Each structure stands twice: as C-alpha cells, then as structure tokens.
Amino acid sequence: MNSSHPLPGSEGRLSVVMPVYNEAATIETIVRKVLDRPETGELIIVNDASTDDTWEHLQKFSADPRVKLLNQPVNRGKGAALIRGFGEATRDFVLIQDADFEYTPEDYPIVLGPLLCGRADVVYGSRFMGTPGQVRYFRHEMGNKFLTFLSNVFSDIHLSDMETCYKGFRREVIQNLRLESERFGIEVEITAKVARSRQLRIWEVPISYNPRRYGEGKKIGWRDGVAALFHILHFNLFTSDEQSFKRPWSEIADR
C-alpha cells in the first residue's frame, strides 16, 4: 500500500497543529511538506518564542491562506503551544505535527483513515507496530515503552505508543478536552483524558519514524521522563471528569 496516496474525501479536511521552537534548519522544508498534502486544509504554526530565526523563516508562508502563524512572546513549552493551536482549529479533523523530519506527512492517510470512515474519534500513530525504519536509541525507546506501560495500567487502554507525536482527532473531541500541561506532559494528559471518557473510540495505526539524534536538536531528556511519571498519576488518579471535559460527551456533535 502506498501510504502517501490521499484517501477519497479527505481533501482539505485536516487542521495540522505544529508547535515550533528553534527549528530554523528544518522549518521551511517541513512546512512545505505539510502544505503539499491534499488533506491539509489549514496549518496552524505556534512559534514558542524561538531564539533563532525560525520566526523569520515562517514569514515566507504568511501570504498562504492555509497558514495561521501564531507567536508566543514567552517560551511556555510544547503543551502550551498545542493548546493554543487546538483552539484555533476549524477543520473536521486535527493532527499534531512536529517541526522536524521524525514524522513524515506522507503518513497522513494512515492516521486519517479511521477518522474519515467514521470508525474512530481518536487515532494514535504508533512507532512500535513493526514498521521498517532507522535503528533507534535503545534507552529512549525503552523509556517510551515503560511510560506507555504505566499509562496503560492507570488509564486501562492498551496502547503501544502513548508518547507518539502523531495523534489525530475529530475536532469536536480535542476541543472538548480541558488541557493544562505546558510541556511534554501534554502527551500523558491527552491520553488520560480521552481514556477517561469511556465513550471515545480510540484506534492505533502503524507509522514510519526517523529519529533525529540529540546533536540535531532532540529536546526530550530524562527530566521529562520523570515528569511524565508524575503526570500519569496526576491525570489518571487525581483528576475529575469536570477537570477533564468541557461538556458531557453526549452533547458533542453526532458521529
């Protein structure tokens, strides 16, 4: 199967949310790759107070009507950028895209498929479902799998890759979540809160993955792993429905 081939009826139905921090070396190329996808109806880029010339590079796309450029005056973290971007989304489906080359927009049809055919409300693109790719860092992958295991224990859903970037949603679903994590804890928080609903249909699909090296600007470190442990406990055990959802799921638009 050619994963890059667009699905019928998918044209322009996707809001892509891209948090950006100091990605001057890759930003123009990845933006063009996203805009080249027929599924992309809008690209919402949230610059998280980059200290390099990322923002200047982004101005090249300011005239494109599909691109929304948002600038955070103070660096607050990936989670804060995503929360702002989710609120700006207007298309039927929302997908997260990092601003480097670890995840390829050619996989959009794979993630969008279960949403488009009405089988899913949330889709996780898993890096750990047997897809071919570059050999990964062992400790980093084992750390991801350990956090996913703990998340599964407390959320009671069985994912293979909770920390994946590629998460897709029906727009009404992601905009109904009350999200607060400003850094990388957003991955745990989203998972805990969609699992808490007990009504959302959550799918997982295999995606490709090209991990970048730490010398190339990889930003997640061991401190974020320790923080994720706290977030797993906090959002699964000590967060109420009222703190998780804006409205009862029964009031969300029909599937």
Side-chain angles (χ1 to χ4, degrees), residues 17 19 76-87 89 93-96 98 103 111 114-115 119-129 139-207 209 219-252 255:
V17 178
R76 296 174 56 197
K78 179 180 180 179
L82 285 176
I83 292 168
R84 185 175 181 191
F86 293 152
F93 308 109
V94 179
L95 185 141
I96 303 168
D98 279 349
Y103 298 81
V111 180
L115 296 165
R119 293 183 177 181
D121 303 299
V122 180
V123 176
Y124 282 65
S126 174
R127 300 164 289 178
F128 307 137
M129 293 180 72
R139 288 194 295 272
H140 188 264
E141 182 164 332
M142 290 303 103
N144 278 332
K145 290 184 175 181
F146 175 67
L147 293 174
T148 296
F149 170 77
L150 287 182
S151 174
N152 289 342
V153 168
F154 290 102
S155 67
D156 195 30
I157 61 173
H158 191 187
L159 294 171
S160 67
D161 190 6
M162 177 268 296
E163 293 277 2
T164 180
C165 164
Y166 269 9
K167 297 177 176 71
F169 313 87
R170 289 195 302 119
R171 178 173 53 82
E172 296 88 350
V173 168
I174 191 61
Q175 291 182 342
N176 193 46
L177 296 180
R178 295 188 184 276
L179 299 172
E180 61 186 72
S181 299
E182 295 199 336
R183 285 185 53 78
F184 293 106
I186 193 73
E187 314 288 3
V188 175
E189 183 181 6
I190 288 173
T191 301
K193 290 181 176 179
V194 298
R196 175 179 288 274
S197 74
R198 293 302 183 214
Q199 298 180 47
L200 298 176
R201 300 162 300 169
I202 306 168
W203 274 54
E204 198 170 33
V205 295
I207 59 168
Y209 181 59
K219 300 178 178 70
I220 297 179
W222 66 267
R223 291 181 180 85
D224 295 296
V226 173
L229 296 175
F230 166 79
H231 291 309
I232 288 171
L233 296 175
H234 173 70
F235 289 117
N236 284 286
L237 299 181
F238 303 107
T239 303
S240 67
D241 286 355
E242 291 74 17
Q243 294 170 308
S244 300
F245 320 130
K246 297 175 183 177
R247 294 184 290 158
W249 291 111
S250 59
E251 296 181 9
I252 299 302
R255 297 167 178 151

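The structure displayed is predicted, hence computed values, not measured ones.
Within the 3.5 Å criterion, the main-chain N or O of Arg119 finds a donor-acceptor partner in the side chain of Trp203. Side-chain N or O atoms of Asn152 include one that pairs as donor or acceptor with a backbone N or O of Leu159 at under 3.5 Å. Judged by distance alone, the side chain of Glu204 and the main-chain N or O of Asp161 form a donor-acceptor pair under 3.5 Å. Glu251 places no side-chain N or O within 3.5 Å of a backbone atom of Pro248 that could act as its donor or acceptor partner. For Arg170 (side chain) and Phe93 (main-chain N/O), no donor-acceptor pair under 3.5 Å exists by modelled atom type.
Checking Ser126 against Ser160 by side-chain atom types alone, a donor-acceptor pair falls below 3.5 Å.
Atom CG of residue Leu200 and atom CG of residue Asn176 lie 8.5 Å apart, to the nearest 0.5 angstrom. Put simply, CG on Leu147 and OG1 on Thr191 are 11.0 Å apart, with the number rounded to the nearest 0.5 Å. To the nearest 0.5 Å, atoms CD1 (Ile252) and NZ (Lys246) are separated by 9.5 Å.
The nearest pair of heavy atoms linking Glu242 to Arg178 is O-NE, 3.2 Å. Contact detail for Pro114 and Val123: the closest heavy-atom pair is CB-CG2, 3.9 Å. Considering all non-hydrogen atoms of both residues, Arg196 and Ser244 come closest at CD-OG, 3.4 Å. Considering all non-hydrogen atoms of both residues, Ser151 and Met162 come closest at OG-CG, 3.8 Å. Residues Gly125 and Thr164 come closest through the heavy atom pair O-OG1, 2.6 Å. Scanning both residues, Val173 and Val122, for their nearest heavy atoms gives CG1-CG2, 3.9 Å.
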Apply the test side-chain contact (heavy atoms from CB on, under 4.5 Å) to residues Lys167 and Glu187: give CA-CA distance (whole Å), side-chain angles for both, the deciding distance (0.1 Å), then the verdict. CA-CA 9 Å; Lys167 297 177 176 71; Glu187 314 288 3; 2.5 Å; yes

Quick one, Leu179 with Leu82, criterion side-chain contact (heavy atoms from CB on, under 4.5 Å). Give me CA distance, side-chain angles, the key distance, then yes/no. CA-CA 10 Å; Leu179 299 172; Leu82 285 176; over 6 Å; no

Kindly determine whether Asn144 and Phe128 satisfy side-chain contact (heavy atoms from CB on, under 4.5 Å), including the steps that lead there. CA-CA 10 Å; Asn144 278 332; Phe128 307 137; 4.1 Å; yes

Checking side-chain contact (heavy atoms from CB on, under 4.5 Å) for the pair Lys78/Asp98: CA distance, chi angles, key distance, verdict? CA-CA 10 Å; Lys78 179 180 180 179; Asp98 279 349; 3.4 Å; yes

Working note: Tyr124 + Tyr166, criterion ring pair (Phe, Tyr, Trp, His ring centres under 6.0 Å); need CA distance, chi angles, decisive distance, verdict. CA-CA 6 Å; Tyr124 282 65; Tyr166 269 9; over 10 Å; no

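Under the side-chain contact (heavy atoms from CB on, under 4.5 Å) criterion, Gln175 pairs with Ala89, Arg171, not counting sequence neighbours. The side-chain contact (heavy atoms from CB on, under 4.5 Å) check on Asp156 picks up Arg198, with sequence neighbours excluded.
Taking 4.0 Å as the cut-off between side-chain N and carboxylate O, Glu141 and Arg127 do not count as a salt-bridged pair.
Considering only heavy atoms from C-beta on, Phe169 comes within 4.5 Å of Ile190 through its side chain. Under the 4.5 Å side-chain criterion, counting only non-hydrogen atoms from C-beta, Glu189 is not in contact with Thr239. Here the side chains of Val194 and Asp121 are not in contact, with every heavy-atom distance at 4.5 Å or above.
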Quiz: residues 226-236 side-chain donor-acceptor pairs under 3.5 angstrom, not counting sequence neighbours:
unit_1: Asn236; atom_1: ND2; unit_2: Ile232; atom_2: O; d: 2.8

